[in-house]
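Each chain gets a letter, A, B and so on, in the order its sequence line appears, and its residues count up from 1.
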Amino acid sequence: MNKVYKTAAEALDGLLHDGMLVAAGGFGLCGIPELLIDAIVASGVKDLTVASNNAGVDDFGLGKLLATRQIKKMMSSYVGENAEFMRQYLSGELELEFNPQGTLAERMRAGGAGIPGFYTQTGVGTQIAETKEVKQFGGKDYILEEGIFADLSIVKAWKADDTGNLIFRKTARNFNPPAAMCGKVCVAEVEEIVPRGSIDPDHIHLPGIYVHRLIQGQHEKRIEQRTTRPRPEGATRKREEA
Amino acid sequence: MNKVYKTAAEALDGLLHDGMLVAAGGFGLCGIPELLIDAIVASGVKDLTVASNNAGVDDFGLGKLLATRQIKKMMSSYVGENAEFMRQYLSGELELEFNPQGTLAERMRAGGAGIPGFYTQTGVGTQIAETKEVKQFGGKDYILEEGIFADLSIVKAWKADDTGNLIFRKTARNFNPPAAMCGKVCVAEVEEIVPRGSIDPDHIHLPGIYVHRLIQGQHEKRIEQRTTRPRPEGATRKREEA
Amino acid sequence: MPWDRNQMAARAAQELEDGMYVNLGIGIPTLVANYVGDKDITLQSENGMLGMGPFPYVGEEDPDLINAGKQTITELARTSYFDSATSFGMIRGGKIAAAVLGAMEVSEKGDLANWMIPGKLVKGMGGAMDLVAGVGRVVVVMDHTNKHGDSKVLKECTLPLTGKGVVDRIITNLGVLDVTHKGLHIVECADGVTRDDIITATEATIV
Amino acid sequence: MPWDRNQMAARAAQELEDGMYVNLGIGIPTLVANYVGDKDITLQSENGMLGMGPFPYVGEEDPDLINAGKQTITELARTSYFDSATSFGMIRGGKIAAAVLGAMEVSEKGDLANWMIPGKLVKGMGGAMDLVAGVGRVVVVMDHTNKHGDSKVLKECTLPLTGKGVVDRIITNLGVLDVTHKGLHIVECADGVTRDDIITATEATIV
């Protein structure tokens, strides 16, 4: 069992085909599989459907795959930071399936957990519900949402061991675990691969069973909105109580 | 916000009523809320429905609540270690709803996640499916299973901070997180309560939002089947590779 | 005089009680955090965090630590992190006591529109539909009228809905209104604003 | 001569391939772990663990570390722990490549009965229904006949089912049979056992 590959291109070798469904982790530009996205751009694969909460920005993350027109359809909850996205969508060049953020996350988890459909109150009475089956539980309406079963998952984690056990860091976890779960094959990129046994097994966020291939690489980790406050004289604490 | 109580009885004060639905964590005797079970025995509350994977053994865990006849119905996947359970069930004194283990776990998680129903292939074509709605996805049959919404959850964790953030230890995690999620109120018992900030926030298994009350106590942690192997001369490693 | 943004946020902060887990939307709702005072409130960021702290000091920004508005933030002693499925599990499951959200339109039945202007603004609903469907109490904070002076408190929303019958309380620059089954009920007027001022500025039925 | 328990386990171990994540049931299936040799197999314990190790040395038993049979076990360098919902998520989701399970009865259509004898044995299905519905490949290991000499490989199961059409391969003390859409196909006979011996001991259709 060797899951460790040298480059993103090698890790994706044989996994890409036109028209496939790719699930990608990340929220905004935080915790996105930037190296794998670059390798997919380079591969030239096209007509992709991509399930990802956001669509990157114009020149980074999934925005690069939009720029090259390799994406046919996005399944997302929020695409507000991407002008090219908006242009392609409004001109009809790009299909867009809006999913409420929690519905998207749950649809990915469900796909990974072998659940083809579940009921939720989210979106009842809105245009999200228009094409969906409604069912009552306890006198209330719920709509049926379907699990997402992706051909490929691409995710970013902080560390991995060589068996693919992953740990994430802070809010960079976000969609990565559910995205990883819903793919027939999952490729993960991490900042550091450590030997098995180096991570406390109670600290593992995503067991290696979900991760088929693995690369270590340098990440830009771009910040979308750098918000700060002035440092009071002598303040050094990074973690404080409200 | 004070979640920390002195005793199990105090932590349960005002939460118990006859006929209520209680979700309990644990697998076998591993990771069971033994102190809270004892306090429920002492409270005398009756006609309980208890959702728990197992039913304890005759003199420990939920077996104590069976001995006092405080349980009207069990929702479980496996009750093989409990002779009194078997007697009450076969004589018709106790109701029993068998759930496949994964279905039970998912029903608890679903209840906690506001999902009233989900479809699964587990149990299709068996007596589990007899009373359940069937729906096809991709040409295959799936059955509808409903979320469990408990009045009270009782769980056992290893450590907590005073805001109720929980960490579990090894396989004692098991049903505790989904059980905790599905309760209107959740009471947790732990081996140690540490100050907030003592636990790395990336190591927390169950966020404190799921935990309303908390006690620290001494646990027996009984072993059901003590299986060992002889120690070879000089062997000291506790963790080894297969 | 109508309330300004900060006064609206301060008024919204009064809705929050000790021990609550709360989600604050983008815009004026974000300012609510500045007015919770001594109350022990835990803020959720729906991208996977409970216990959201203030912006970092200059130089301490961490690309792995952002809020749902993609801004760099900090953690607190109570903080926990989790994935998006878990995060929305707690939202959908009713574990979040209250959400304070902005709005484009609210109806007298509690319908909320805050995610889309057809043909014009297609950013997406993000987590808003999940929040209004799942949290215990939905408080909307917004200006009473739009920049053309038209009421944003309507008999029926004209924009695509975020949720139907989901709003509990509306806090505007003019005052506080509750959604009841009979119509909107004026709870409070901003200093110097009269009931009649609110009624004039409101298209919806006031009872 | 028919295979004994250990020979059946050793034969079942041949079903497992390098890199597989596998779930072994209680009884003979547990013995399969002793025969995987150099193959890199990761064992799941469905109570929330991947990378199950052997029994602990005397004195090192940990009440927080048990397998699905409630036996004390150990962890390995590759081990991870998770909750029961996640554990069965990976089972139901098809992430476990194979399960090796015991059985009371198997039918020629691949139906499996291994959890209940009505009025007599009501222990419960545990995780068996989830496993047979979810894992990639289900291998049954059992004696070909019961203690009365009756075939356990039947046209139709008589006991309540664990799963319908779920078994891929049957390994008994007499040999190895595959479930095909036409009936059972004899893949292999134990040393000294003939095809006719298997046909005689089998109620189901052999093709």
Q | Value rounded to 0.5 Å, distance of CD in C/Q71 from CZ in A/R226 | A | 13.0 Å

Q.
Can you tell me which portion of C/T162 sits under 4.5 Å from chain A's heavy atoms? Options are side chain, backbone, both or neither.
A. backbone

Q.
Taking every non-hydrogen pair under 4.5 Å, which of C/V58, C/V36, C/D40, C/T42 racks up the most with chain A?
A. C/V58

Q) A/V124, A/N54, A/L29: which one forms the most heavy-atom pairs within less than 4.5 Å of chain C? A) A/N54

Q. Of the listed residues (C/M49, C/M116, C/R92, C/K164), which shares the most heavy-atom pairs with chain A below a 4.5 Å separation?
A. C/R92

Q: May I ask you to say whether C/D83 pairs ionically with A/R109, meaning some side-chain N is under 4.0 Å from a carboxylate O?
A: no

Q: Quick one: do A/R229 and C/Y57 satisfy side chain to side chain contact (heavy atoms under 4.5 Å, CB included)? Show the steps, please.
A: CA-CA 5 Å; A/R229 61 188 159 134; C/Y57 297 138; 3.6 Å; yes

Q) Between C/I91, C/I73, C/D62, which shows the greatest number of heavy-atom pairs under 4.5 Å with chain A? A) C/D62

Q. What part of A/P230 is in contact with chain C, defined as an atom under 4.5 angstrom from a non-hydrogen atom: side chain, backbone, both or neither?
A. backbone

Q. Looking at A/H205, A/M86, A/R169, which makes the most heavy-atom pairs under 4.5 Å with chain C?
A. A/R169

(Q) Using 0.5 Å steps for rounding, measure from the CG atom of C/N47 to the CG atom of A/N53. (A) 9.0 Å

Q | Leading residue by heavy atom contact count with chain A [cutoff under 4.5 Å; candidates C/G51, C/G124, C/G89] | A | C/G124

Q: Please confirm whether the backbone N or O of C/G48 pairs with a side-chain atom of A/R173, one donor and one acceptor, at under 3.5 Å?
A: no

Q: Using atom types as modelled and distance alone, determine if a side-chain donor or acceptor of A/T171 lies under 3.5 Å from a backbone N or O of C/D64.
A: yes

Q) Taking every heavy-atom pair that is under 4.5 Å apart, which of C/S87, C/G69, C/P56 has the most such pairs with chain A? A) C/P56

Q: Using the six-membered ring of A/F27, assess whether NZ or CZ of C/K70 lies under 6.0 Å from its centre and within 45 degrees of the ring axis.
A: yes

Q.
If I take atom NZ from residue C/K123 and atom OG from residue A/S77, how far apart are they, to the nearest 0.5 angstrom?
A. 13.0 Å

Q: Heavy atoms only: give me the nearest A/I223-C/T72 pair and the separation to one decimal.
A: CG2-CG2, 3.7 Å

Q | Residue pairs fulfilling ring pair (Phe, Tyr, Trp, His ring centres under 6.0 Å) with at least one residue in residues 110-143 of chain C, sequence neighbours excluded | A | A/F98-C/W115

Q.
For C/D111, which atoms come within 4.5 Å of any heavy atom of chain A: side chain, backbone, both, or neither?
A. neither

Q | Contacts of residues 126-143 of chain A with chain C (heavy atom under 4.5 Å) | A | A/T126, A/Q127, A/I128

Q: Using non-hydrogen atoms and a 4.5 Å limit, figure out which bit of A/Y89 sits close to chain C: side chain, backbone, both or neither.
A: side chain

Q) Between A/A110, A/G123, A/A105, which shows the greatest number of heavy-atom pairs under 4.5 Å with chain C? A) A/A105

Quick one: side chains of residues 127-138 of chain C, donor-acceptor pairs under 3.5 Å with protein atoms, not counting sequence neighbours, listed by atom name and distance.
unit_1, atom_1, unit_2, atom_2, d
C/D130, OD1, A/G102, N, 3.2
C/D130, OD1, A/T103, N, 3.3
C/D130, OD2, A/Q101, N, 3.2
C/D130, OD2, A/G102, N, 3.0
C/R137, NH2, C/E15, OE1, 2.9

Q | Most contacts with chain A, counted as non-hydrogen pairs under 4.5 angstrom, among C/G53, C/G165, C/A68 | A | C/A68

Q: Any ring pair (Phe, Tyr, Trp, His ring centres under 6.0 Å) involving residues 132-162 of chain C? Give me the pairs, sequence neighbours left out, ordered by first then second residue.
A: none

